[in-house]
Amino acid sequence: MSRRRSEQITYFLIRGVMYSIVLVIGYILFDIVRHGLPALNWAFISEYPRKSGSEGGILPAIVGTLSLLAGTIVVALPLGICSAIYLSEYAEQNRFTAMIRLAIITLAGVPSIVYGLFGLGLFVLFLNFGTSILSGSLTLACMVLPTIIVSSEEALRAVPRGYRDASLALGATKWETIRTNVLPYSLSGIITGSILGIGRAAGETAPILLTVAAFYLPRLPKSIFDQVMALPYHLYILATQHPEADKVLPLQYATALVLLLLVLGLSLGAIIIRIHFRKKYRW
Amino acid sequence: MWKDKAMRLLMLSAASTSIFLVALIFIFLMKESAPFVLKPGLGALIDRQWIPVSFVEEHFGILPLVTGSALVTGLSMLFTIPLSVLGAIYIAEIASPVEREILKPFIELLASIPSVVLGFFGLVVLAPLIKNLFGLGTGLTALTGALLLTLMAIPTVITLSEDAIMSVPRAYKDASQALGASDLQTIFQVIIPAALPGIIAAIMLGVGRVIGETMAVLMVTGNSAIMTWSPLAPVRTMTATIAAEMGEVSFGSMHYQALFWIGLVLLAVTFVLNVIAQRVLVRYGMMK
């Protein structure tokens with residue numbers, strides 16, 4: 001066999017590996033859409049579950065997940081963006097900054113179940129928020145914080161130095177410069193990066209398992225101190241704890257599809273926005 | 001001017017929360033697990049049996065859970081490493097620009113599929129497949145979990161390995177080709193060795209992610225806390241134990257504290273992996 005020929009085979013193999021990965025992802029998505037779609041209808045989305053989830057819809061779980069997301073955004077977004085502004089615009093190269101960076105890297109690596117334990121220890125028990133939307137949102141916020149900081153900092157750093165220098169040269173203060181000449185141009189990058197992080201939080205189960213999620217609670221939450229059902233936890237319960245798991249298979253698929261649509265919708269939206277803005281701002 | 005200073009202070013305090021949070025996580029995990037040190041003592045964790053609820057004698061040995069995590073993680077890395085490195089090579093060196101623009105978001109998409117959805121897929125599709133393929137009594141095995149974890153580790157490892165490959169100076173490639181090496185020879189004998197530290201760091205971060213994964217393994221590994229090295233046996237990982245048992249435990253009991261100890265072990269392992277990986281990246285100038 002000639003060298004050329006063996007090289008061609010190697011290329012073929014590498015391409016084969018890449019496209020098998022793509023194929024597997026595609027198949028998983030296809031399988032869930034194929035089985036989930038028939039069971040998915042308006043009633044499923046807008047009705048309360050009946051008979052511990054064997055019948056009816058998943059409205060409380062959808063509302064629960066959305067309220068957790070809202071809570072996470074309210075806490076994590078301002079905190080993350082401000083941290084990123086500090087790191088990108090103010091921080092000097094010193095030990096303190098190095099410590100912040102180490103802390104962010106550490107937070108990014110903490111397993112989600114450990115965030116759950118932490119949330120249980122701090123928010124649920126110590127601060128006495130109980131198992132509630134508040135405890136869950138705070139726990140998820142801690143978890144997505146590093147993602148938001150890292151992507152926001154990247155977006156801020158992408159703004160050319162000249163923008164800052166020009167503004168400073170005209171006599172603007174540092175904060176005025178950031179507010180008028182840096183933030184506006186990096187906002188799209190910050191938002192898309194944050195959506196990607198927060199979208200992932202929507203699908204997380206382990207942290208809310210210990211801090212919010214109700215097994216079966218067919219009503220809507222009234223305050224942030226209420227327990228809620230959540231989509232990922234509901235899917236987990238239906239698939240593993242339900243006495244007749246086989247019978248409710250279509251409902252499991254439909255729940256998985258709704259969750260997938262929510263999370264992938266957010267991520268896909270972010271990716272599209274990013275591609276759009278990448279074309280708009282070129283420096 | 002006061003406003004400028006106030007804003008700086010605000011941003012500084014926001015950035016400091018990260019340090020504060022890390023400290024809080026360690027403090028609260030230790031606080032909840034601390035009484036265990038006095039009774040029954042830390043030695044109780046080094047036991048080959050995990051029987052936290054018993055009428056006769058409870059055992060809080062985390063060894064079967066550690067081996068469970070190690071088995072699942074090791075198996076999944078066996079698949080993840082070759083697949084991801086080849087995938088990264090393809091995206092960085094072989095794919096056309098258009099292909100790259102499509103493949104990269106697609107891989108990112110995989111990263112955002114919730115682990116509970118993958119676990120569900122594993123439960124209803126993959127587990128029956130494994131069961132029939134190997135003629136087993138149950139499809140809920142370490143191998144099933146490892147395959148799902150491979151899907152979760154692939155995006156992390158591919159993306160970071162690709163960064164590492166991309167950070168190899170162009171001159172290396174040019175020099176190699178000028179000497180008459182073919183593209184493939186250049187890739188495998190010049191670019192990959194030069195990118196190796198970054199690829200190793202990527203793999204370590206992938207391992208960190210896999211060890212900490214909870215839902216997928218909880219749903220498909222069968223959850224029996226026995227010590228085994230067989231890929232086709234049901235196992236129970238550290239993460240799955242916490243998730244499965246924390247809901248039923250009485251707060252403050254020895255069992256509760258033991259679960260927090262498992263959390264501490266997980267935290268320590270991922271912390272060390274992360275720090276080493278980051279050191280490697282900084283040392284070889286591969287940080288973005």
Side-chain angles (χ1 to χ4, degrees), chain A residues 7 10-11 14-15 17-18 21-22 24-25 28 31-32 79 82-83 85-87 90 99-100 103-107 109-114 117-118 121-122 125-126 142 145 149 173-175 196 199-200 203-206 209-210 232 235-236 239-240 249 252 256 259-260 263-264 267-268 271, chain B residues 1 3-4 7-8 10-12 14-19 21-22 24-25 28-29 31-32 83 86-87 89-91 94 103 105-106 108-110 112-117 120-121 123-125 151 154 182 184 208 211-212 214-215 219 239 242-243 246 251 260 263 266-267 270-271 273-274 278:
Chain A
E7 288 215 338
T10 315
Y11 273 124
I14 299 178
R15 177 169 289 138
V17 165
M18 185 70 237
I21 296 173
V22 171
V24 170
I25 306 172
I28 294 174
D31 183 70
I32 286 167
L79 203 56
C82 288
S83 305
I85 292 178
Y86 179 79
L87 286 173
Y90 291 101
M99 257 178 79
I100 295 179
I104 293 169
I105 290 163
T106 308
L107 286 179
V110 172
S112 58
I113 188 76
V114 173
L117 286 177
F118 166 66
L122 176 61
L125 297 175
F126 187 73
C142 296
L145 190 63
I149 296 178
T173 65
K174 180 115 184 165
W175 170 243
L196 274 177
R200 253 159 242 175
E204 275 293 347
T205 319
L209 198 67
L210 312 178
L235 173 59
Y236 167 67
T240 62
L249 194 63
Q252 297 170 21
L259 178 60
L260 204 59
V263 174
L264 291 192
S267 302
L268 208 62
I271 291 172
Chain B
M1 247 0 237
K3 195 179 171 194
D4 218 43
M7 288 318 285
R8 184 179 190 280
L10 180 69
M11 304 300 156
L12 176 66
S16 313
T17 32
S18 292
I19 301 179
L21 257 182
V22 172
L24 276 181
I25 292 177
F28 270 87
L29 256 58
K31 173 179 168 286
E32 298 297 320
L83 291 176
L86 290 177
I89 290 174
Y90 187 76
I91 294 182
I94 301 172
L103 285 174
F106 206 81
E108 246 176 287
L109 217 59
L110 175 61
S112 54
I113 297 178
S115 70
V116 69
V117 172
F120 169 65
F121 176 82
L123 195 64
V124 295
V125 179
L151 287 176
I154 278 179
S182 71
L184 266 190
I211 291 184
T214 311
M215 294 322 285
M219 291 167 86
T239 50
I242 301 175
M246 200 42 125
F251 290 162
F260 268 90
L266 279 170
L267 184 61
T270 47
F271 178 72
L273 279 171
N274 252 298
Q278 230 60 42

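Proteins get letters first, then strands, A, B, ... in listed order; numbering begins at 1 in each.
Interface check for chain B: of the options L210(A), V24(A), L235(A), L87(A), the most heavy-atom pairs under 4.5 Å are formed by L235(A). Most heavy-atom pairs under 4.5 Å with chain A: of the set S16(B), P105(B), P114(B), G208(B), this distinction falls to P114(B). Contacts with chain A were tallied for L266(B), V124(B), V22(B), I19(B); I19(B) has the most, counting heavy-atom pairs under 4.5 Å. Among E108(B), E32(B), M246(B), R8(B), the residue making the largest number of heavy-atom pairs under 4.5 Å with chain A is R8(B). For the options I104(A), I21(A), T240(A), V110(A), heavy-atom pairs under 4.5 Å to chain B are most numerous at I21(A).
Closest approach of A14(B) to S83(A), counting heavy atoms only: O-OG, 3.1 Å. Of all non-hydrogen atoms in G212(B) and I113(A), the two that sit nearest each other are O-CG2, 4.5 Å. The heavy-atom pair separating V17(A) from G87(B) by the smallest distance is CG1-N, 4.5 Å. Of all non-hydrogen atoms in L264(A) and L109(B), the two that sit nearest each other are CD2-O, 3.9 Å. Here the shortest heavy-atom pairing between A239(A) and M219(B) reads CB-CE, 4.0 Å.
In this structure, the side chain of S18(B) does not engage the main chain of A103(A) through any donor-acceptor pair within 3.5 Å. Judged purely by atom type and a 3.5 angstrom limit, D4(B) uses its side chain to pair as donor or acceptor with the backbone of W175(A).
Side-chain atoms of L21(B) and F118(A), non-hydrogen and from C-beta on, do get closer than 4.5 Å to each other. Looking only at side-chain heavy atoms (C-beta outward), M18(A) and L103(B) come within less than 4.5 Å of each other. Counting heavy atoms from C-beta on, the side chains of T270(B) and T106(A) never come closer than 4.5 Å. No side-chain heavy atom of V263(A) sits less than 4.5 Å from a side-chain heavy atom of I113(B). The closest side-chain heavy-atom distance from T214(B) to T205(A) is not below 4.5 Å.
Between the side chains of E7(A) and S182(B), at least one donor-acceptor pair of N or O atoms lies under 3.5 Å.
Of the two parts of I100(A), the backbone and the side chain both hold a non-hydrogen atom closer than 4.5 Å to a non-hydrogen atom of chain B. I211(B) does not touch chain A: none of its heavy atoms, backbone or side chain, sits under 4.5 Å away. Only the side chain of I94(B) comes within contact range of chain A, with heavy atoms under 4.5 Å apart. Of the two parts of R200(A), only the side chain, counted from C-beta on, holds a non-hydrogen atom closer than 4.5 Å to a non-hydrogen atom of chain B. At a 4.5 Å heavy-atom cutoff, the contact between Y90(B) and chain A is made by backbone and side-chain atoms alike. Contacts of T173(A) with chain B are made by both backbone and side-chain atoms, with heavy-atom separations under 4.5 Å. Using a 4.5 Å cut-off between heavy atoms, L12(B) touches chain A through backbone and side chain atoms alike. Only the side chain of I32(A) comes within less than 4.5 Å of a heavy atom in chain B; its backbone stays farther off. Both the backbone and the side chain of L83(B) come within contact range of chain A, each with at least one heavy atom under 4.5 Å from a heavy atom of that chain. For a residue to count as touching a neighbouring chain, one of its non-hydrogen atoms must lie under 4.5 Å from one of that chain's; by this rule L29(B) touches chain A with the side chain only. Heavy atoms closer than 4.5 Å to chain A are found in the side chain of T17(B), but not in its backbone.
Separation of atoms CG (L110(B)) and CD1 (I28(A)) is listed at 7.0 Å; rounding is to 0.5 Å. Summarising the geometry, atom CZ belonging to F121(B) is positioned 5.5 Å from atom CG belonging to D31(A); distances are rounded to the nearest 0.5 Å. Atom NZ of K31(B) and atom CZ of F126(A) lie 6.0 Å apart (nearest 0.5 Å). L122(A) CG to L24(B) CG: the interatomic distance, rounded to the nearest 0.5 Å, is 6.0 Å. In this structure, CZ on R15(A) lies 13.0 Å from CG on L86(B), to the nearest 0.5 angstrom. Note that CD1 of I85(A) and CE of M11(B) are 4.5 Å apart. Values are rounded to the nearest 0.5 Å.
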Could you give me the CA-CA distance, side-chain angles and deciding distance for V116(B) and L259(A), then say whether side chain to side chain contact (heavy atoms under 4.5 Å, CB included) is met? CA-CA 10 Å; V116(B) 69; L259(A) 178 60; 3.7 Å; yes

